[in-house]
Amino acid sequence: MSKELYIYNSLSRNKDLFQPLNAPHVGLYVCGPTVYANVHLGNCRTFMFFDVVYRYLTHLGYKVRYVRNITDVGHITSTFDDGVDRIGQQARLEQLEPMEIVQKYTNYFHEMMRVFNNHSPSIEPTATGHMIEQIEMIKKILDQGFAYEVNGSIYFDVQAYRAKYPYGELSGRNVEELYENTRTLDGQDEKKFFADFALWKAASPEHIMRWPSPWGEGFPGWHLECSAMSTKYLGEQFDIHGGGMDLKFPHHESEIAQNTACCGKGPVKYWMHSNMLTVNGQKMSKSLGNSFLPHELFAGDHPLLEKGFGPQVVRFFMMQAHYRSTLDFSNEALSAAEKGYERMMAAYMAIEECKPSAQSDADIDALEARCYDAMGDDFNTPILIAELFEAVRLINGCKNGQQALTADQLAQLKKIMTHFLMDVMGLQTPESASNVELPNIMMDAVFEVRKGLKEKKDYATADMLRDAFSSRNIVLKDTKDGGEWTYEKK
RNA sequence: GGUCCUGUGGCCGAGCGGCUAGGCAGAGCUCUGCAAAAGCUUGUACAGCGGUUCGAAUCCGCUCGGGACCUCCA
């Protein structure tokens with residue numbers, strides 16, 4: 001059975017065989033959210049996918065250190081405006097302290113990660129908690145001659161960097177072309193070269209979030225935190241760096257430049273980028289106004305939604321598309337995923353009901369191998385799911401007595417489905433995922449039936465129903481509206 | 001404008017030189033008090049036009065759509 005793992009590496013533009021720098025240890029860094037607003041569903045897709053990466057590497061036996069940061073320093077919204085940052089802006093809007101904003105939206109983020117059944121990262125560092133590391137890194141880059149100071153701000157010197165290292169390798173663009181197509185430059189810009197980016201920005205007097213530094217009070221540039229924190233927790237070189245496609249340039253390109261300028265080598269062996277969630281073919285994003293929030297999706301509480309879908313259905317829906325493809329949201333697709341998810345889980349839970357046979361012609365080993373092949377081919381979860389539906393057919397066939405499976409094979413199917421469905425893809429059965437309301441809903445139906453029976457004066461059947469429950473330690477009590485029920489403790 | 005990605009059957013979505021993807025929906029059958037579930041069978045497909053090849057959805061070119069990045073973005 002092949003358990004080789006090939007990962008599409010954005011840097012090499014190839015599916016590269018995964019070979020950790022220090023097996024069995026694996027360093028995984030994923031750019032987390034900026035907590036100035038609620039995470040929307042598009043954001044969640046990325047975190048759900050990298051959760052699967054984390055889970056699968058762990059399943060393969062690697063000791064993974066998974067670092068996912070929280071960006072709680074406001075990135076400046078434009079190079080040219082005067083230190084307006086998203087968090088500060090939102091703080092003014094909501095009339096809260098910036099750190100209250102940070103806390104509020106971090107809480108929502110964590111809650112959604114939990115609801116979607118994502119594992120917590122090993123370390124979840126915040127940018128504000130790593131000012132010292134960021135300042136130290138800037139000093140090193142200055143010492144190496146790849147940055148310069150202007151009026152208390154430090155800029156990365158792309159020209160100096162390019163003289164020694166290639167710039168733009170990840171995103172595949174060259175600086176000359178960038179220049180031709182960059183929008184009109186502000187004449188008052190402090191930068192020596194248009195492509196230079198800020199490592200540290202001097203804070204204007206009204207800027208709220210500010211920290212002392214050797215260059216005066218200010219705040220770090222938006223690319224720096226990831227470089228500083230990944231280096232601190234994963235070392236100067238580590239295995240996998242992930243994030244959304246839209247972070248490739250300039251964010252990840254700048255990270256490479258910062259790390260290389262600081263430490264003389266590129267930080268990451270495998271760069272992974274997950275594609276966007278789209279709505280009517282367009283990227284879901286806050287600024288386009290086509291995003292919606294997870295809790296709106298669960299409740300069906302949004303103009304674009306016909307009904308609500310549970311977190312597990314949403315997760316299954318996401319898993320049915322490959323992470324490097326765009327995935328278009330639609331009610332029809334979600335509904336189809338819901339049916340598929342339910343069929344999958346029903347079969348999973350029905351394995352125990354299957355009667356084993358002495359003989360079988362099914363090849364479960366081959367099925368298992370194909371599951372690993374699918375995951376090993378750049379985390380191809382859609383293929384994995386297709387293979388698991390093959391398992392569903394076997395299980396259902398066995399339950400109907402149309403497919404012979406031995407006891408060992410049934411156990412193996414159970415193991416395969418547990419591994420891939422639960423452990424790797426992080427799905428849950430409907431029961432474990434929710435639903436405390438379910439018993440109440442079912443009992444409502446029971447009371448409805450009893451009411452009908454009593455109206456027809458069929459008291460014998462009505463009593464039979466009540467006795468059937470009471471023999472299972474559930475007591476039914478009639479009320480004028482319907483009924484109540486309790487467990488009878490013994 | 002530049003760079004890159006993409007166009008698959010009613011819908012979603014894999015595949016990316018020859019071999020059934022899969023799910024949902026549809027049709028037929030089996031099972032069935034009814035309904036559902038499940039199983040079996042089954043149709044419609046690779047944007048268009050050229051080219052390479054024994055053979056192309058898959059490679060190349062052009063045309064026409066769609067999108068991402070180039071500014072904060074998962």
Side-chain angles (χ1 to χ4, degrees), chain A residues 10 13 30-34 36-37 39-50 68 71 74-81 84-87 89 109 168 171-183 195 197 222-223 242-253 273-278 280-288 291 316-317 319-344 346-347 350 370 374 377 380-390 392-403:
Chain A
S10 304
R13 286 148 222 271
V30 173
C31 291
T34 306
Y36 71 98
V39 266
H40 67 246
L41 202 63
N43 302 315
C44 292
R45 182 186 183 192
T46 298
F47 300 126
M48 249 184 259
F49 168 67
F50 284 105
R68 187 185 64 206
T71 298
H75 295 154
I76 44 180
T77 48
S78 146
T79 327
F80 308 117
D81 63 29
V84 176
D85 74 84
R86 296 253 161 165
I87 291 170
Q89 214 168 30
F109 172 68
S171 55
R173 45 193 92 204
N174 70 65
V175 172
E176 284 74 17
E177 278 168 2
L178 273 175
Y179 183 70
E180 285 170 23
N181 301 299
T182 301
R183 287 156 209 184
F197 53 89
W222 69 286
H223 311 304
M245 285 268 195
D246 49 359
L247 258 36
K248 213 172 185 179
F249 187 89
H251 185 58
H252 292 332
E253 199 71 75
H273 294 278
S274 63
N275 217 138
M276 301 292 106
L277 183 68
T278 61
N280 296 323
Q282 275 216 314
K283 173 182 173 180
M284 180 182 284
S285 78
K286 266 203 81 183
S287 48
L288 285 167
S291 67
F316 189 78
F317 167 70
M319 293 296 138
Q320 277 191 301
H322 187 82
Y323 77 95
R324 280 189 290 117
S325 302
T326 55
L327 172 62
D328 200 56
F329 170 89
S330 73
N331 284 283
E332 294 79 7
L334 252 325
S335 294
E338 183 172 47
K339 291 269 181 62
Y341 165 76
E342 282 164 1
R343 194 158 86 90
M344 179 75 77
R370 276 184 270 123
D377 183 14
N380 199 324
T381 52
I383 298 265
L384 207 216
I385 289 175
E387 297 298 347
L388 292 176
F389 271 112
E390 176 62 27
V392 168
R393 194 151 0 114
L394 290 172
I395 292 163
N396 285 331
C398 183
K399 206 173 116 195
N400 288 356
Q402 293 168 352
Q403 169 72 50

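This is a predicted model, so every value here is computed, not measured. Just so it is clear: chains get the letters A, B, ... in the order the sequence lines come, proteins before strands, and each one is counted from 1.
Rounded to the nearest Å, the gap between the P atom of B:G67 and that of B:A27 is 35 Å. Here the separation of B:U44 from B:G51, taken at their C1' atoms, is 29 Å to the nearest Å. Distance noted for atom P between B:G10 and B:A45: 8 Å (whole Å). For the P atom pair drawn from B:U8 and B:G65, the interatomic distance equals 16 Å after rounding to whole Å. Across B:C49 and B:G9, the matching P atoms stand 16 Å from one another, rounded to whole Å. Between B:C16 and B:G7, the two C1' atoms lie 14 Å apart (nearest whole Å). Here the separation of B:C31 from B:U41, taken at their C1' atoms, is 15 Å to the nearest Å. Taking atom C1' in both B:G18 and B:U58, the straight-line distance is 11 Å, to the nearest Å.
Note on A:M276: a base of the nucleic acid sits closer than 4.0 angstrom, heavy atoms only. Within the nucleic acid shown, A:R393 comes within 4.0 Å of sugar-phosphate atoms alone, with no base atom in reach, counting heavy atoms only. A:A386 comes within 4.0 angstrom of a base, heavy atoms only. Residue A:L388 is classed as having no contact, given no heavy-atom separation below 4.0 Å to the nucleic acid. Note on A:D328: only backbone sugar-phosphate atoms sit closer than 4.0 angstrom, heavy atoms only; bases stay farther off. Contact annotation for A:G243: backbone-only contact, meaning every heavy-atom pair under 4.0 Å involves sugar-phosphate atoms and none involves a base. Here A:M284 lies in heavy-atom contact (under 4.0 Å) with a base. Nucleic acid contact class of A:S335 (heavy atoms, under 4.0 Å, all strands): none. Within 4.0 Å (heavy atoms only), A:H40 reaches at least one base atom of the nucleic acid.
In the set B:C72, B:G23, B:A68, B:A68 carries the atom at the smallest distance from any side-chain atom of A:Q282. Counting only heavy atoms from C-beta on, A:R343 has its side chain closest to B:C24 among B:C24, B:A14, B:A74. In this structure, of B:C72, B:A74, B:G23, it is B:A74 that holds the atom nearest to the side chain of A:F47. Relative to the side chain of A:Q402, the nucleotides B:G13, B:G39, B:G15 differ in distance, and B:G39 lies closest. Nearest to the side chain of A:R173, among B:G22, B:G2, B:A38, sits B:G2. Residue A:Q320 places its side chain closer to B:G23 than to any other of B:G23, B:A38, B:G13. Residue A:S285 has its side chain nearest to B:C73 when only B:G39, B:A14, B:C73 are considered. Looking at the side chain of A:K283, the nearest of the listed nucleotides B:A14, B:C73, B:G22 is B:C73.
Per the geometry, NZ belonging to A:K286 stands 17 Å off P belonging to B:C72, to the nearest Å. In this structure, A:N396 places its CG atom 15 Å from C1' of B:U30, rounding to the nearest Å. Rounding to whole angstrom units, CZ of residue A:F329 and C1' of B:C24 are separated by 15 Å. Atoms CG (A:L334) and P (B:G13) sit 11 Å apart, rounded to a whole Å. Put simply, CG on A:N174 is 20 Å from P on B:C69, counting in whole angstrom units. One interatomic measurement links the two molecules: CZ of A:F197 to P of B:C70, which rounds to 15 Å at whole-angstrom precision. The NE2-P distance, from A:H322 to B:G13, rounds to 14 Å in whole Å. Nucleotide B:A68 holds its P atom 11 Å from the CG atom of A:D246, rounded to whole Å.
For B:G67, the OP1/OP2 oxygens have no side-chain nitrogen or oxygen of A:N275 closer than 4.0 Å. Side-chain N/O atoms of A:N400 include none lying less than 4.0 angstrom from OP1 or OP2 on B:G39. Side-chain nitrogen and oxygen atoms of A:K339 include at least one within less than 4.0 Å of the OP1 or OP2 phosphate oxygen of B:A25.
Shown here, B:U3 forms a base pair with B:A68; the pair counts as Watson-Crick or G-U wobble because both key distances fall under 3.5 Å. B:C11 is paired with B:G23 under the Watson-Crick or G-U wobble criterion, all donor-acceptor distances under 3.5 Å. Nucleotide B:A45 has no partner under the Watson-Crick or G-U criteria, as no pair reaches both atom distances under 3.5 Å. If you check B:G39 for Watson-Crick or wobble pairing at under 3.5 angstrom, you find it paired to B:C29.
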A:E342 vs A:K339, salt bridge (Lys or Arg N to Asp or Glu O under 4.0 Å): CA-CA, chis, key distance, verdict: CA-CA 5 Å; A:E342 282 164 1; A:K339 291 269 181 62; over 6 Å; no
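Under the 6.0 Å distance and 45° angle rule, A:R68 does not count as a cation-pi partner of A:F50.
The one candidate from A:T71, A:V39, A:D85 that meets the side-chain contact (heavy atoms from CB on, under 4.5 Å) condition with A:T34 is A:T71. When A:D328, A:T326, A:L288 are each tested for a side-chain contact (heavy atoms from CB on, under 4.5 Å) with A:Q282, only one passes: A:L288.
Across A:R13 and A:S171, no two heavy atoms sit closer than the pair NH2-C, 4.0 Å.
Here the side chain of A:D377 pairs no donor or acceptor atom with the backbone of A:N380 at under 3.5 angstrom.
No hydrogens or angles considered: a donor-acceptor pair under 3.5 Å links the side chains of A:S274 and A:T46.
If you find the closest nucleotide of RNA chain B to A:I383 and to A:R324, the one lying nearer the 5' end belongs to A:R324. Map A:R13 and A:T326 each onto its nearest nucleotide of RNA chain B; the residue landing nearer the 5' end is A:R13.
Ring centroids of A:F317 and A:Y341 are separated by 6.0 Å or more, keeping the two rings apart. A centroid separation of 6.0 Å or more is found between the aromatic rings of A:H223 and A:H252.
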